[in-house]
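Note on naming: letters A, B, ... go to the chains in the order of the sequence lines (proteins, then strands), and numbering restarts at 1 for each one.
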2 protein chains.
Amino acid sequence: MSATLRTTDTTIATAFPWLSSGIIDHVNVGHTIGCTADRVLDRHEHIFLEGEKQTHIYLVIEGVVGTYKLLSDGRRQISTFAYPGDIIGLDTVGEHVNSGEALNRSVIRCIPINSIEKLMRNEPGFGQALLHLTANELADTREQMLSLGRKSAAEKLATFLLRVARRHQAVDRSTGQSNQTISIPMKRSEIADFLGLTIETVSRSFTKFRVAQVIKLVANSEVEILDINRLALIANGDAPNCLH
Amino acid sequence: MSATLRTTDTTIATAFPWLSSGIIDHVNVGHTIGCTADRVLDRHEHIFLEGEKQTHIYLVIEGVVGTYKLLSDGRRQISTFAYPGDIIGLDTVGEHVNSGEALNRSVIRCIPINSIEKLMRNEPGFGQALLHLTANELADTREQMLSLGRKSAAEKLATFLLRVARRHQAVDRSTGQSNQTISIPMKRSEIADFLGLTIETVSRSFTKFRVAQVIKLVANSEVEILDINRLALIANGDAPNCLH
DNA sequence: CGCATAATTGAATTCTGTCAATCGTGGTGG
DNA sequence: CCACCACGATTGACAGAATTCAATTATGCG
C-alpha cells in the first residue's frame, strides 16, 4: 500500500506551485490551506476510482499519473497523462468520472476538497485560477478529441509525440537544445489506450516514423526527434503523400 | 448578417437562468452584470472562430449551436452540441479553441468577458458556479472521448441517441411519457462529425437499429426509441452478440 | 545470466471509409 | 394544389486502414 510521507499544514504556494508562476497574481499565496499529505505510489497503484466520492484533488509531484475510463468488457480510454505540476481529480464536483493510477513510481500531494472550497470563498482570485486551470484542461481535451475522432494512426502518434516533446521542454528548459531526445514515460499499451489504437498499430507507426527518418528509437522509452517539422506536418494532416 | 434584438442592462438571473435553479445558492442573482445583447442567428451562421480573441461567452436561448475544430484538409470534429440553457465559449481564457456555429435558426445571449471577470471578483460564489459548469463540461467531454476512442459505430450512435434523449427529457419534462419520440436537431453529417464517423456509417447504424426494432425512424430528424434498455446495453458495449 | 514482460512483425480478417447511384423529402414557384 | 428541384439520406460495391490472432524478437529487472 501507499506510505504517507508527511502531513503538514501547507500554504497555497506549497500546494499550488503553478500559482506562484504568474498565472494569477492577486492571490495571497502565503495563506494556509490546511492539511495536505504527500503519498508515494507504486506503478499501477490507484489514487481514486471512477464513481468514488471526490475527497481530494491531487498535485503530481513526481512521476506520471494517468486517468482513464473503462467499458465493462475492459476497453480503456486514457483521458490524461499528468506530469509533475499537474493537478488531477478536478473533473467534476461530486464524484470522480475517471480512475486515477500511477504509471510509474510517483509522488502526489493530496489536497482536501473542503480546503479548496474554503479557499475559493476566502481568496477571490483562487477560484479564478482553478477556473483557468480547468478551462485549459478542457481546451486540451478538445484538441485530443480531434485526434481521436478524425486523425489516422500516424497522425495521432505524431500529435502525441509533439505533445510529449512540448511537455518535456517545459520540464527541462534548462538544457536549451533543440534536437530533442524525449523520454516516453508510458508503455505502448498506454499510448494505445490514449490514442484509441492497439499496441500493434502504435508499434507499426513508430516503425514507419523510424524508417522515414522522422524519429530515432534510442530505447523503447526514449525517442530522438530527427525532423520535428515533418512530425508537425504529419500531426496536422499536412504531410504530402506519405505515412498514412 | 445577424440582427441584434435588444441591448439591455441585465441581472445575473437573466443572464444565467441555471444559477437560479439551485446549483449554487450564495450568489446574489439580482446583481447587475452590465450590457448583454441577444443575437438571432441563421443556420450556419458563425458566432466565433477558432483562434479569435475571446470577447464574450454565449448563452443559448433558442435553437442548437455546435462548436467544432477543423483540420486543414477539412476534416471536422464537432466538440459540443449546445442546447437552450447551455453556455458556449468558456473553453479557455484568451482565445477560442473551437469555432461556434448555429445548426438551426437560434438565439444567443452575448455576455461580455469583462462582466464575467468583474463578477468573479465581486460575487464569490459566481466563480465557483462557473467552475462547476466547466468541470461538468469536462466530465462530459471525457465521456465523449471514451466513445470516440473505444466504441464501435453502433455503440457510438446508441450513446449519442441516449444523450439526446436525456437532453430532450430535461427540456420537456412536462410530458412525463416514457416511450420517447425525440427530435434530432442535427443532420447526419453533423452527427457523423460529432462521433468521428462518416454519414454513410451513421446512416447504416440507424438502419441497423431500425431493423432490430430498437428505434423507429418517424422522420429524418425524429426518432422513436422503442427499446431504451437495449439501446443502453449497446451503448455500453454490453449487447450480447448483435449490431456490431 | 535468465526469465517474464514488452515490443515488433507478419498474415488474415473486419470494420469503416470511399465512391457512386438511387431514393426520399421538404420547400418553392408556377 | 401540384410538380419540380435541390439537398439530405440511404443503399450498394469495393477499397483500405486498423484490428485480431499468432509468432518472434527485444528489453529490463532480479
Side-chain angles (χ1 to χ4, degrees), chain A residues 42-44 71 73-77 103-105 147-158 160 183-211 215-223 234 237 239 241-244, chain B residues 42-44 71 73-77 103-105 147-158 160 183-211 215-223 234 237 239 241-244:
Chain A
D42 284 332
R43 179 183 232 240
H44 289 146
L71 288 172
D73 62 2
R75 280 175 284 175
R76 177 173 69 160
Q77 178 63 46
L103 303 188
N104 304 102
R105 174 164 281 265
S147 263
L148 286 171
R150 286 303 182 206
K151 289 187 184 176
S152 71
E155 289 163 355
K156 284 176 177 179
L157 185 62
F160 171 75
S183 69
I184 313 282
M186 54 291 281
K187 300 186 302 180
R188 296 289 185 270
S189 66
E190 289 155 350
I191 299 174
D193 283 344
F194 182 67
L195 297 178
L197 300 169
T198 59
I199 48 175
E200 292 94 335
T201 304
V202 170
S203 185
R204 278 184 251 269
S205 300
F206 265 114
T207 303
K208 269 186 202 165
F209 289 169
R210 180 170 50 74
V211 171
I215 63 169
K216 185 176 168 190
L217 284 169
V218 181
N220 274 338
S221 62
E222 209 158 322
V223 172
I234 298 169
N241 52 349
C242 60
L243 296 166
H244 286 219
Chain B
D42 283 332
R43 179 181 231 239
H44 291 145
L71 288 172
D73 62 1
R75 280 175 283 176
R76 177 173 69 159
Q77 178 64 46
L103 303 189
N104 305 101
R105 174 163 279 266
S147 263
L148 286 172
R150 286 303 183 208
K151 290 187 183 176
S152 71
E155 288 164 354
K156 283 176 177 179
L157 184 63
F160 170 75
S183 69
I184 312 281
M186 54 289 283
K187 299 186 302 181
R188 296 290 184 269
S189 66
E190 289 154 351
I191 299 174
D193 284 344
F194 182 66
L195 297 178
L197 300 169
T198 59
I199 48 175
E200 291 93 335
T201 303
V202 170
S203 184
R204 278 185 250 269
S205 300
F206 265 113
T207 303
K208 269 187 202 165
F209 288 170
R210 181 171 50 74
V211 171
I215 62 169
K216 185 177 167 187
L217 283 168
V218 181
N220 274 338
S221 61
E222 208 158 324
V223 172
I234 298 168
N241 53 349
C242 59
L243 295 166
H244 286 218

Asks: Rounded to the nearest angstrom, tell me the gap between atom CG in B/L157 and atom P in D/dA9.
Replies: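 Going from CG in B/L157 over to P in D/dA9 covers 13 Å.
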Asks: Please determine if a side-chain N or O atom of B/T201 lies less than 4.0 Å away from the OP1 or OP2 oxygen of C/dG17.
Replies: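 Answer yes for this pair, as a side-chain N or O of B/T201 is under 4.0 Å from OP1 or OP2.
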Asks: In this structure, how many angstroms lie between the P atom of D/dA9 and the CZ atom of B/R210, rounded?
Replies: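 Interatomic distance, CZ of B/R210 to P of D/dA9: 14 Å.
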Asks: Could you tell me how far apart B/L148 (CG) and C/dT16 (C1') are, to the nearest whole angstrom?
Replies: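 The answer, rounded to whole Å, is 15 Å.
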Asks: If you compare every side-chain N and O of B/S189 against the phosphate oxygens of D/dG8 (OP1, OP2), does one of them come in below 4.0 Å?
Replies: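 For D/dG8, neither OP1 nor OP2 has a side-chain N or O of B/S189 closer than 4.0 Å.
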Asks: Would you mind classifying the nucleic acid contact of A/I199 as base, sugar-phosphate or nothing, using non-hydrogen atoms under 4.0 angstrom?
Replies: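 Contact class for A/I199: none.
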Asks: Please confirm whether the shortest side-chain N or O distance from B/R204 to OP1 or OP2 of C/dT16 is below 4.0 Å.
Replies: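 No, because none of the side-chain N or O atoms of B/R204 sits under 4.0 Å from OP1 or OP2 of C/dT16.
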Asks: Would you say a side-chain N or O of A/R188 is under 4.0 Å from OP1 or OP2 of D/dT27?
Replies: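 It does not, given that no N or O in the side chain of A/R188 lies less than 4.0 Å from OP1 or OP2 of D/dT27.
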Asks: Measuring from the side chain of B/N220 (C-beta onward, heavy atoms only), which nucleotide among D/dT19, C/dT25, C/dA6 has the closest atom?
Replies: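 Within the option list, the nearest is C/dT25.
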Asks: What is the separation between atom CD on B/E190 and atom C1' on D/dC7, rounded to the nearest whole Å?
Replies: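 Atom CD in B/E190 sits about 13 Å away from atom C1' in D/dC7.
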Asks: Please tell me which of the listed nucleotides, D/dT19, C/dT16, D/dT10, lies nearest to the side chain of B/S203?
Replies: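 Ranking D/dT19, C/dT16, D/dT10 by closest atom to the B/S203 side chain puts D/dT10 first.
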Asks: As a test of reading the structure: which of D/dG8, D/dT19, D/dA18 is closest to the side chain of B/K187, going by heavy atoms?
Replies: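 Taking heavy atoms from C-beta onward, the closest nucleotide is D/dG8.
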Asks: Nearest of C/dA20, D/dT20, D/dA18 to any side-chain atom of A/E200?
Replies: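 Given the options C/dA20, D/dT20, D/dA18, the side chain of A/E200 is closest to D/dT20.
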Asks: Using atom types as modelled and distance alone, determine if a side-chain donor or acceptor of B/E222 lies under 3.5 Å from a backbone N or O of B/L217.
Replies: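 No; judged by distance alone, with no hydrogens or angles, the pair does not exist.
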Asks: Looking at A/T207, I'd like to know whether one of its side-chain N or O atoms comes within less than 4.0 Å of OP1 or OP2 on C/dT9.
Replies: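 Indeed, a polar side-chain atom of A/T207 lies that close.
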Asks: Has the side chain of A/R150 got a donor or acceptor atom that lies under 3.5 Å from a matching backbone atom of B/L197?
Replies: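 Checked: pair present.
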Asks: Does A/S221 or B/L217 map to a spot on DNA chain D nearer the 5' end, using the closest nucleotide for each?
Replies: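 Nearest-nucleotide comparison on DNA chain D picks B/L217.
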Asks: Identify whether any heavy atom of B/L195 sits under 4.0 Å from a base atom; if not, whether one sits that close to sugar-phosphate; answer base, sugar-phosphate or nothing.
Replies: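 Contact class for B/L195: none.
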